[in-house]
Each structure stands twice: as structure tokens, then as C-alpha cells.
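Keep in mind that what you see is a predicted model, and the values were worked out from it rather than measured. Excluded from the calculations below are hydrogen atoms, water molecules and symmetry mates; all remaining heavy atoms, backbone and side chain alike, are included.
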Amino acid sequence: MSSKDVILDRIRAALADGPSVPEIPRDYRRGPAEADLDLLVDRLVDYKAVVHRAGTIPDAIATIVSGSVVVPPGLPREWLPVGLEVLVDDGLSPERIAAADGVVTAAAVAVAETGTIVLDASPDQGRRIISLLPDLHICVLRADQVVASVPEAVARLDPTRPLTWISGPSATSDIELNRVEGVHGPRNLHVILTDGENH
Amino acid sequence: MSTFLGMPVRAPRGVGHLRGDQSFPAAAKEALGNSQLRRNLQHATTTIRGKSGRVIAELPDWQELRSAGSALKAYTMANLPLLLTQLEEKVTAAGGVVHWAADANEANQIVTDLVARTGEKRVIKVKSMATQEIGLNEALEAAGIAPVETDLAELIVQLGEDKPSHILVPAIHRNRAEIREIFLRAMPGVDPKLTDDPPVLAGAARRYLREIFMRTKVAVSGANFGIAETGTLAVVESEGNGRMCLTLPDTLITVMGIEKVVPAWADLEVFLQLLPRASTGERMNPYTSMWTGVTPGDGPQNFHLVLLDNGRTAVLADEVGRQALHCIRCSACLNVCPVYERTGGHAYGSVYPGPIGAVLSPQLTGVEDNASLPYASSLCGACFDACPVKIDIPSILVHLRNQAPHARTEAAVMAAAAYTMDHPRLYASAQRAAKLARIAGRRGRGLPPPLNGWSASRDLPSPPDETFRDWWRGR
Ligand code: SF4
């Protein structure tokens, strides 16, 4: 008898009393509600992300980083200012990625209420490793990608893709419960919020 | 319960960390004598309660979310065979390999064999209660494989050759000066000029572990959720060590208790709101990773999921106790518990401390192996009120006390001590009596009844002005 059969038999025996199966009450807020961009900015800033709303995408990026940036293969090249060394990820080694001054990605969805950005590894976001190893992550977000709450974000996402939910830079509260920004992930998170037309 | 299928099978003895070396009252007595520990704990639990209360108050539908979470868990338990089979199918279809482990020994064997087959001698680990429960690190070490804990708190515990004391912040019992000393003593290549500034300490861990992340080919993780409908696994974390472990290695081995399965993708909308606010007191934790099997060209190309029983089916067989399996390991019940705040996590003897540990550990092992834990509570009810999935811990405690093979006197002493701790007036009068007893020259003989059977320490903290239950209700 396989362990699978052993465990499933044990479970069936344990449930022999026929526990009642409840209806799931879904009367919490599930949306849709209008996404409040100011709330998103407030939440992002509260968790120590830096938000840029004015000007063009290349201008914003130019103020944040100089040197080399890793970009996923599908990132619109017109987002990048002239003068940056651009490393397109065509299977870059972890060492190359870690040595870059930053990474620029798009995003899939953002949640205003929690200040969360979700990456789904689409061509403009790339492999998970590229947004992890550099110490600076610049994320370009369109206003129409922002939803009000977590249920709306879950509904928009495709679970078969690798997903990374990001709320502020890497942090720990393990030392006397003080939130310290920056352990292993990027210590600097910049979000460029656009209306989708100014690039 | 059907008897012809045999008795429920508990977590085996002699492996893992579900049983303490001493009973709760004996261990608690030691902890109560350590005033530094108590100060660290009190600071930590007070801070986290405040943070959590503030972000919970931001949600107008917190109670509706709790009700949905509670019902989802009950639904899951009632449909466990179907959901686990579905999860296995989906993970397999997405390129993963699913293993079933009836107990700790089998799980340790599966993981050790999988690592051995890669030929690697080191694995990186992201904090997982399940792998601590089964004693995986010891099993790996016995096979010549070095496990490296990458969660900052776990690293502090591992380098300090210590035991975790809290589900969420396992090094909650250590302050910054102690952490600095541990790093100076045990962290290879550490800067000897290290200060005890938290960002400096975190930076030291970043440097030390970065090298290890880049070079280690196998990772072991736990999982917060496994979605039956899609085969998606989720790990909720803060530091990014989870992302490192789930992204960089060639091989990923995830050990997940069978109760962690979630029916549908959409159900995450409930748990992703409940967990961070109840747990770290954040609107959302910094990072949550989700993956489904193997993604070509992105992340580990070999993925193994180990589904663990180890006594869980025995918990499921108890009509009252089975709701302990609903736990999402947020640790809110620890942070509101007046007994935990005084004794700390080590006193519970198991990897699961606090109120949830007092009901889960005895059920996983059989009550006879953790007989004093059901008494490690004042039944004040704060844990029930704080629990994001509404587990009625006090009712399970009472239920288990009836099963505990206990000497009547010990049981009475435990109950009286716990009760007194949550009832300021009685507590104060017991303390006054203690003072009188000392004046009367009984120094060294400990507290007068009803506290004397439980703690000989004279260094008890002053009683709270209100009970935790009142405090929690009044927020
Ligand atoms: S029992 Fe409830 S409050 Fe305690 S850790 Fe589990 S989910 Fe959290």
C-alpha cells in the first residue's frame, strides 16, 4: 500500500463522522471599486518605496539610476534614457545580474489598498531572478493596472504564471521587531506611475 | 469514528520537535526566572499587537473575512481527499513531482534521498514550521548534508545553537546586543567592528548569505498555501530570502502539511488579506511568491512537493480538536496570550508554542506525550478573539484537559496558576501574600498558594490593568 493510499485512508476514517460542509459566506468586499491612485501612492511611500508621477518615463529613470540596468526582453526600449548601459536579459548569469546598478520592469497588477505590485513574468517583466538580485528595482506601472483591493488583483492574475507580490523593499522585523529595510531583495524600490500615454 | 480502520496514527516518537524535555510548568518556571527574556517578549508582543490592531482597523470587512476564512478551512477539511488528489494532479501536470509522507521519518527520508540524488552537500532553507516539526535539519546533517537557514531570525537561532521561540519571529527572545554577540562568535567572515544597530546587523546577514544563495543548487521550503484547483504553491515572507530560495537553485523541495491545501485560486483573496494583518501587522508582507510546477527558463527546473501527515489525520479524527488544523500560522494568538508573554515559546517544548501549540502539539503526539500543555492557558479567550480564522482554542483546551492523564493535584495547580495570571485581583493578592511570606521569613520557599505549585520565582511581572480579553475587545 503506498503512503498516498495510507494517508487518504486515514483521512477518510477521520472524516467518518461526516462533518457538515459549510457554505462559504462571501459578503466581504470583492469589488469592483474604483482604484484610488493617491491611496496607492500613500501606501507605497508608507512602506518606503519612492514614487514618481511627473514627467516622462525616460526622464524619471534618468533621475534614479546611471550606469547599467538589466531589462527584460519585452521592455519598451523607448522607456530607457540615452546614456544607460542596457543589459537585455537573454539568459544573463546571476553574477552579471547582481552586478548591475538596477533593473527596470513593467508590472502586471497593483493593489491600491495594500501598496502592492505584482509581477507575472510576462515579456516586459522577465524572469524572476532579474528583479531580485540588483539592489535597485524600478517598476513602471500604468494607471489602468491599479485595482482597489486584493480580490480584484487575484481575479486579474493568471496563477499558472510565476507571480511575485511586492510591497515595499525587502525588510525584516526580526531584530526587536524594528522594521529594517533591506535584507536580501532590492533595498531600493522606485515606482513610476504613468497614465499610459506619456511615453 | 470508525474503529475497524484502526486508531488514529500520531507523530512518531524519537524524531522531530513536538515533544519537550520537560513539562510545561517545569520549563515555565525557568523562563519566569529570566527577566531579560520577559522584557524582550513583552516589548515584542506589545509592539506587534499595536501594529496589527491598527491595520485591522483599516478594513471595514475584517469580520466578514474571518468568517469566510473559517468556513473555507472547514470546507477544506471536509473535502481533504478530493482536494489533495486534485493538487497532486495539477502539480504533476505542471512538471512537478508529488511525494506523500505518512510521518516525519518518511518525509525526512524522501527529502534526504532527493538531495542525495543531486550530489549536493548543502541546501538553503526558507523558514518552514513543517521541516522544524519533523527535524529535517538533523536528518540532513546525519546524511552529511549541511542545511543553511536563510531567514534572519532562523539564522540567529542556528548560529546561536538555540531553539526558535515564536512562530513568526523565532529570535524574539534575543535583543540586538545578544544578536551582535552571536554574529561575532559564529558568522564566518563577519566584520569584527560590527555594531548592534539593526540595519548593520541585517547588512551583515545580507553579505554572508548572498554568497551562499549564489552557489547552492538545492533549496527546501515550506508553503503557506497550496491551491488544489491550479497546483499553485505560495510562500509569504519579508526579507527576500524566500525569493532567493524559490528562484536561484536548480532543485526546489517543498514540504507542506496536508492541511495547507486551499480549494480554489480565488480563495487566496481571503487568506492574503487575513494573514499579513494578523501576523506581522502589515497591510501586505514585502514579498509573496507563487509558482505552479516548473516554468521553463525561469526558476528551479526540478520541483518536488512532499505532502506530510505526521499526526494530522489523528487531529482530523477529533470532532472538537480538528479545527486546530485550520491554523494559518499567523501567531496572533501568541501575541495576545498572557501566559505566552510571561513564559516565552521554549516552555512549550514543541515547535508550535503559545495557544495554538497548546492545542496542536498534544493532538499531533497524543495527549499523553504533552499532558501539561492543555493547562498552559488561563482560558481567557484572547486567542479566540484574535484568531483570523476563528479557531475556538479555549474549547479545544478544555476538551483536551479531559483527555490528559493527569494527577488531579497537578492539574488543579496548573489551572489555578493559569487562572490567577489572567485575573488581576487574585494575582495581586497572591503577590501581596508573597511579599508577606517573605517578610515573615519564608524567603526562598517561593510563592504562597495558589502560585507556589507552579512557580517558585519571586520575580513575577506586575499584573496587567485589564485582562487581554478586555483589551482586545476594547480596541
Ligand atoms: S491559531 Fe489562529 S491566531 Fe493562532 S497562529 Fe493559528 S491562525 Fe493565527
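Within the 4.5 angstrom heavy-atom criterion, only side-chain atoms of B/T295, from C-beta onward, approach chain A. For A/T160, the part lying under 4.5 angstrom from a heavy atom of chain B is the backbone only. The contact between B/R210 and chain A is made entirely by side chain atoms (from C-beta outward), counting heavy-atom distances below 4.5 Å. Heavy atoms of B/Q63 lying under 4.5 Å from chain A are absent altogether. With a 4.5 angstrom heavy-atom cutoff, B/L316 touches chain A via backbone and side-chain atoms both. At a 4.5 Å heavy-atom cutoff, the contact between B/R277 and chain A is made by side-chain atoms alone. Within the 4.5 angstrom heavy-atom criterion, atoms from both the backbone and the side chain of A/L133 approach chain B. Contacts of B/E58 with chain A are made by side-chain atoms alone, with heavy-atom separations under 4.5 Å and no backbone atom involved. Contacts between B/L72 and chain A at a heavy-atom distance below 4.5 Å involve backbone atoms as well as side-chain atoms. With a 4.5 angstrom heavy-atom cutoff, B/L152 touches chain A via backbone and side-chain atoms both. Within the 4.5 angstrom heavy-atom criterion, atoms from both the backbone and the side chain of B/A68 approach chain A. Only the side chain of B/T85 comes within contact range of chain A, with at least one heavy atom under 4.5 Å from a heavy atom of that chain. Interface residue B/A101: only backbone heavy atoms are found under 4.5 Å from chain A. Only the side chain of B/I258 comes within contact range of chain A, judged by heavy atoms closer than 4.5 Å. Proximity to chain B is absent for every atom of A/L189, based on heavy atoms less than 4.5 angstrom apart. B/R322 touches chain A through its side chain: at least one heavy atom from C-beta onward sits under 4.5 Å away, while N, CA, C and O do not. For a residue to count as touching a neighbouring chain, one of its non-hydrogen atoms must lie under 4.5 Å from one of that chain's; by this rule B/N241 touches chain A with backbone and side chain alike.
Relative orientation of the A/H52 and A/H190 rings is parallel, given thresholds of 30° and 60° on the angle between their planes.
Using a distance-only test at 3.5 Å, with no hydrogens or angles considered, a donor-acceptor pair links the side chain of B/T47 to the main chain of B/H43.
Looking at heavy atoms from C-beta onward, A/L44 lies in side-chain contact with A/I117 at the 4.5 angstrom threshold. Using a 4.5 Å cut-off on side-chain heavy atoms (C-beta onward), B/T292 and B/L233 make no contact. Using a 4.5 Å heavy-atom threshold, the side chains of B/V235 and B/F225 count as separate. Side chains of B/T150 and B/C245 form a contact here, defined as non-hydrogen atoms less than 4.5 Å apart. Side chains of A/T164 and A/V118 form no contact here, defined as non-hydrogen atoms less than 4.5 Å apart. The side-chain heavy atoms of A/W165 and B/L272, taken from C-beta on, include a pair separated by under 4.5 Å.
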Salt bridge (Lys or Arg N to Asp or Glu O under 4.0 Å) between B/R312 and B/D309, intermediate numbers included: CA-CA 5 Å; B/R312 284 163 177 75; B/D309 178 355; 6.0 Å; no
Full working for salt bridge (Lys or Arg N to Asp or Glu O under 4.0 Å) between B/E88 and A/K4: CA-CA 10 Å; B/E88 179 185 39; A/K4 175 181 175 179; 2.6 Å; yes
Stepwise salt bridge (Lys or Arg N to Asp or Glu O under 4.0 Å) check, B/R206 with B/E239: CA-CA 10 Å; B/R206 179 183 170 99; B/E239 297 167 13; over 6 Å; no
Working for salt bridge (Lys or Arg N to Asp or Glu O under 4.0 Å), residues B/R215 and B/E211: CA-CA 6 Å; B/R215 289 171 190 275; B/E211 184 68 19; 2.5 Å; yes
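Taking the charged nitrogens against the carboxylate oxygens, B/R10 and B/D103 have no contact shorter than 4.0 Å, which rules out a salt bridge. Salt-bridge formation is not detected for the pair A/R43/A/D46: no Lys NZ or Arg NE/NH1/NH2 atom is positioned less than 4.0 Å from an Asp or Glu carboxylate oxygen.
A donor-acceptor pair shorter than 3.5 Å cannot be found between the side chains of B/T76 and B/N79. In summary, the side chains of B/E106 and B/W100 do not present any donor paired with an acceptor at a separation below 3.5 Å, with no hydrogens or angles considered.
In terms of heavy atoms, B/V270 sits closest to B/L65 at CG1-O, 3.6 Å. Taking every heavy atom of both residues into account, A/D135 and A/G185 meet most closely at OD1-O, 4.2 Å. Listed here is the closest heavy atom pair of A/V154 and B/W265: O-NE1, 3.0 Å. What you find for B/Q273 and B/W62 is that their closest heavy atoms are O-CZ3, 3.8 Å. When all heavy atoms of B/N335 and B/S279 are compared, the pair lying nearest together is ND2-O, 4.5 Å. For the residue pair A/Y47 and B/E282, the shortest heavy atom distance occurs at OH-CA, 3.2 Å.
Chosen from B/S238, B/G242, B/A71, B/P286, the residue pairing most often with chain A at heavy-atom distances under 4.5 Å is B/P286. Ranked by non-hydrogen atom pairs under 4.5 Å with chain A, the options B/G240, B/A202, B/S67, B/A102 are led by B/A102. Of all the listed residues (A/P19, A/S167, A/P151), the one sharing the greatest number of non-hydrogen pairs under 4.5 Å with chain B is A/S167. Of the listed residues (B/R174, B/M214, B/R243), the one with the most heavy-atom contacts under 4.5 Å to chain A is B/R243. Note on B/P198, B/A78, B/G231, B/A74: by heavy-atom pairs under 4.5 Å with chain A, the leading option is B/P198. Interface remark: of the candidates B/V9, B/L59, B/I156, B/N40, B/V9 forms the most heavy-atom pairs closer than 4.5 Å to chain A. Put simply, of A/S20, A/S3, A/P186, the one with the most heavy-atom pairs under 4.5 Å next to chain B is A/S3.
Within residues 81-112 of chain A, the residues that have a heavy atom under 4.5 Å from a heavy atom of chain B are A/P94, A/E95, A/A98, listed by number. Identified by a heavy-atom distance below 4.5 Å to chain B, the contributing residues of residues 121-128 of chain A are A/A121, A/G126, A/R127, A/R128, in residue-number order. Within residues 21-39 of chain A, the residues having any heavy atom less than 4.5 Å from a heavy atom of chain B are, in residue-number order, A/V21, A/P22, A/E23, A/I24, A/P25, A/R26, A/D27, A/Y28, A/R29, A/R30.
Taking CD1 of A/I166 as the reference point, atom NE2 of A/H137 lies at 5.5 Å (rounded to 0.5 Å). Going from atom OG1 of B/T313 over to atom CG of B/L80 covers 9.5 Å, rounded to the nearest 0.5 Å.
Residues forming a side-chain hydrogen bond (donor to acceptor under 3.5 Å, both in side chains) with B/K90 (at least two apart in sequence, or on another chain): none.
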